[in-house]
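This report concerns only the one structure given below.
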Amino acid sequence: MISDIFPILSTERLYLREIQQSDAQALFSYFSKDEVTLYFDLPTFQHMDEAYELVKNWQENFEQKKAIRWAICLKGNPDQLIGSCGFHNFSSEHFRAEIGYELHPDFWQQGIMTEAISTIISYGFEEYKLNRIEAFIDPENLASRKLLEKMNLVSEGILQDYFFEKGRFVDGEIFALLKKNYIQPTFFRQIV
């Protein structure tokens, strides 16, 4: 499903590229904030090494064709990561994958994640030939709920005590979008 060459995508405002070790400082700048990691399956970063390790994990997962994670950058500053998004938990046999994402708080409420997620959803259906794209969220994460609903993902229910994160069990709400229900967004993704 995942090719050997990392795809670069762009939209009207965004440039989505491969994450590099040089992005670790930018990742640390927001993964070290409790408001970013509140609903994330990672603890709030305390040391730069954690950011380097996350980049390494994302790179290895891509090389092993397990996942793909794009750096989200503004077109005017393609070297400055402001967030990331991508696919993981691929099931080639069942033509499905899960999406994940996060963004620096300085860029919240600007439609950036809507544009990024819309682009990778389109890419997932067209290039990876996915039939189903899923997302798991904490039911209390209203911002993620709003984003997923805007992308036409539908809640399929709450799985109680589904994840064990940060020393406690948490519920997981699963959202999904099927290819047959997918509507192409008004801004199209481009491969550069």
Side-chain angles (χ1 to χ4, degrees), residues 13-14 16 19-62 66-74 77 80-90 96-121 124 133-177:
R13 298 185 297 165
L14 304 178
L16 307 180
I19 296 173
Q20 304 292 332
Q21 285 293 324
S22 58
D23 294 315
Q25 182 64 50
L27 284 169
F28 183 78
S29 75
Y30 64 82
F31 271 111
S32 60
K33 297 179 182 296
D34 290 335
E35 64 267 32
V36 172
T37 61
L38 179 62
Y39 299 114
F40 215 83
D41 61 351
L42 292 173
T44 302
F45 286 1
Q46 304 295 316
H47 307 285
M48 271 296 298
D49 289 350
E50 294 167 293
Y52 285 113
E53 187 63 28
L54 182 59
V55 172
K56 180 182 169 193
N57 288 341
W58 283 339
Q59 289 174 329
E60 288 174 354
N61 284 335
F62 176 74
K66 292 181 181 177
I68 184 168
R69 194 79 171 198
W70 283 273
I72 301 172
C73 307
L74 297 175
N77 195 359
Q80 181 62 43
L81 174 146
I82 61 171
S84 79
C85 61
F87 292 109
H88 55 279
N89 291 335
F90 275 95
R96 70 174 181 249
E98 187 179 330
I99 57 173
Y101 46 84
E102 86 290 326
L103 191 65
H104 192 291
D106 290 351
F107 298 93
W108 288 358
Q109 303 297 321
Q110 297 177 31
I112 288 171
M113 196 55 77
T114 298
E115 200 167 322
I117 294 300
S118 177
T119 300
I120 69 165
I121 285 174
I133 294 174
E134 303 173 332
F136 282 92
I137 67 165
D138 184 310
E140 295 178 8
N141 188 342
L142 301 181
S144 265
R145 174 185 303 282
K146 184 178 173 184
L147 170 67
L148 296 173
E149 288 173 346
K150 188 186 283 189
M151 296 293 97
N152 295 316
L153 277 84
V154 176
S155 174
E156 295 183 332
I158 296 175
L159 305 168
Q160 296 182 355
D161 287 353
Y162 193 71
F163 297 106
F164 187 75
E165 297 174 353
K166 301 174 187 170
R168 65 186 181 97
F169 289 101
V170 294
D171 295 345
E173 185 168 3
I174 185 169
F175 283 77
L177 175 62

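Side chains included, hydrogens not; waters and symmetry mates left out as well; all remaining heavy atoms used. This one's a predicted model, so the numbers in the text were calculated from it and none came from an experiment. Counting from 1, the numbers follow the sequence of the chain as shown.
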Inset, instruction - Apply side-chain contact (heavy atoms from CB on, under 4.5 Å) to the pair Leu81 and Ile72, showing each step before the final yes or no. - result: CA-CA 6 Å; Leu81 174 146; Ile72 301 172; over 6 Å; no
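- Counting heavy atoms of neighbouring residues, nucleotides and ligands inside a 6.0 Å radius, atom CD of Glu149 exceeds 12 of them.
- In terms of the ring-ring contact (aromatic ring centres under 6.0 Å, His included) criterion, Tyr101 has no residue partners (sequence neighbours excluded).
- Atom CG in Leu177 sits 14.5 Å away from atom CZ in Arg96 (nearest 0.5 Å).
- Residues satisfying the side chain to side chain donor-acceptor pair (under 3.5 Å) criterion with Tyr39, sequence neighbours excluded, are absent altogether.
- Taking CD1 of Ile133 as the start and CD1 of Ile117 as the end, the distance is 9.5 Å to the nearest 0.5 Å.
- Under the ring-ring contact (aromatic ring centres under 6.0 Å, His included) criterion, Phe163 pairs with Phe136, sequence neighbours left out.
- Judged as a side chain to side chain donor-acceptor pair (under 3.5 Å), and not counting sequence neighbours, the contacts of Thr37 are Thr44.
- Here the CD1-CG distance, from Ile174 to Leu159, works out to 6.5 Å after rounding to the nearest 0.5 Å.
- The shortest distance between side-chain heavy atoms of Ser144 and Phe175 does not fall below 4.5 Å.
- No more than 12 heavy atoms of other residues, nucleotides or ligands lie within 6.0 Å of NZ in Lys66, so this atom counts as exposed by the packing criterion.
- When all heavy atoms of Ser29 and His104 are compared, the pair lying nearest together is OG-CD2, 3.5 Å.
- Partners of Glu98 according to the salt bridge (charged side-chain N to carboxylate O under 4.0 Å, His left out) rule, which considers only residues two or more places apart in sequence or in another chain, do not exist here.
- A search for side chain to side chain contact (heavy atoms under 4.5 Å, CB included) contacts involving Pro139 returns Arg145, Ile158, Asp171, Glu173, not counting sequence neighbours.
- Closest non-hydrogen pair, Gly83 versus Tyr30, comes out as CA-OH, 3.3 Å.
- Closest approach of Phe87 and Gly124 over heavy atoms only: CZ-CA, 3.8 Å.
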Legend entry - Ile112 vs Leu103, side-chain contact (heavy atoms from CB on, under 4.5 Å): CA-CA, chis, key distance, verdict: CA-CA 9 Å; Ile112 288 171; Leu103 191 65; 4.0 Å; yes
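- Residue pairs meeting the salt bridge (Lys or Arg N to Asp or Glu O under 4.0 Å) criterion with at least one member in residues 27-36, sequence neighbours excluded, do not occur.
- Distance CZ/Arg168 to CG/Asp161: 10.0 Å, rounded to 0.5 Å.
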Inset, instruction - Might you work through the side-chain contact (heavy atoms from CB on, under 4.5 Å) test for Leu153 and Ile121, ending with a clear yes or no? - result: CA-CA 10 Å; Leu153 277 84; Ile121 285 174; 3.9 Å; yes
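- Taking Phe164 as the reference, Phe169 meet the side chain to side chain contact (heavy atoms under 4.5 Å, CB included) condition, with sequence neighbours excluded.
- Under the rule for a salt bridge (charged side-chain N to carboxylate O under 4.0 Å, His left out), Glu165 has no partner lying at least two apart in sequence or in another chain.
- Using a 4.5 Å heavy-atom threshold, the side chains of Leu27 and Glu102 count as touching.
- Side chains of Ile99 and Leu148 form a contact here, defined as non-hydrogen atoms less than 4.5 Å apart.
- The backbone N or O of Gly111 lies less than 3.5 Å from a partner atom in the side chain of Arg13, making a donor-acceptor pair.
- Note that CD1 of Ile137 and OG of Ser155 are 7.5 Å apart. Values are rounded to the nearest 0.5 Å.
- For the pair Leu16/Ile120, a side-chain contact is recorded, criterion being any heavy-atom separation below 4.5 Å from C-beta on.
- By the side chain to side chain contact (heavy atoms under 4.5 Å, CB included) test, Glu50 pairs with Phe45, Gln46, His47, sequence neighbours left out.
- When all heavy atoms of Gly172 and Tyr162 are compared, the closest pair comes out as N-CB, 4.0 Å.
- Among residues two or more places apart in sequence or in another chain, the side chain to side chain contact (heavy atoms under 4.5 Å, CB included) test is passed with Gln20 by Arg17, Glu18, Ser22, Asp23, Gln59.
- Heavy-atom minimum distance, Ser84 versus Arg69: OG-NE, 2.8 Å.
- Scanning for ring-ring contact (aromatic ring centres under 6.0 Å, His included) contacts around Phe107 gives an empty result, with sequence neighbours left out.
- Atom-to-atom distance recorded for Gln110:CD and Glu115:CD is 11.5 Å, nearest 0.5 angstrom.
- The minimum heavy-atom distance linking Ala24 with Ala51 is given by the pair O-CB, 3.3 Å.
- Within the 4.5 Å cutoff, the side chain of Pro105 has heavy atoms near those of the Val36 side chain.
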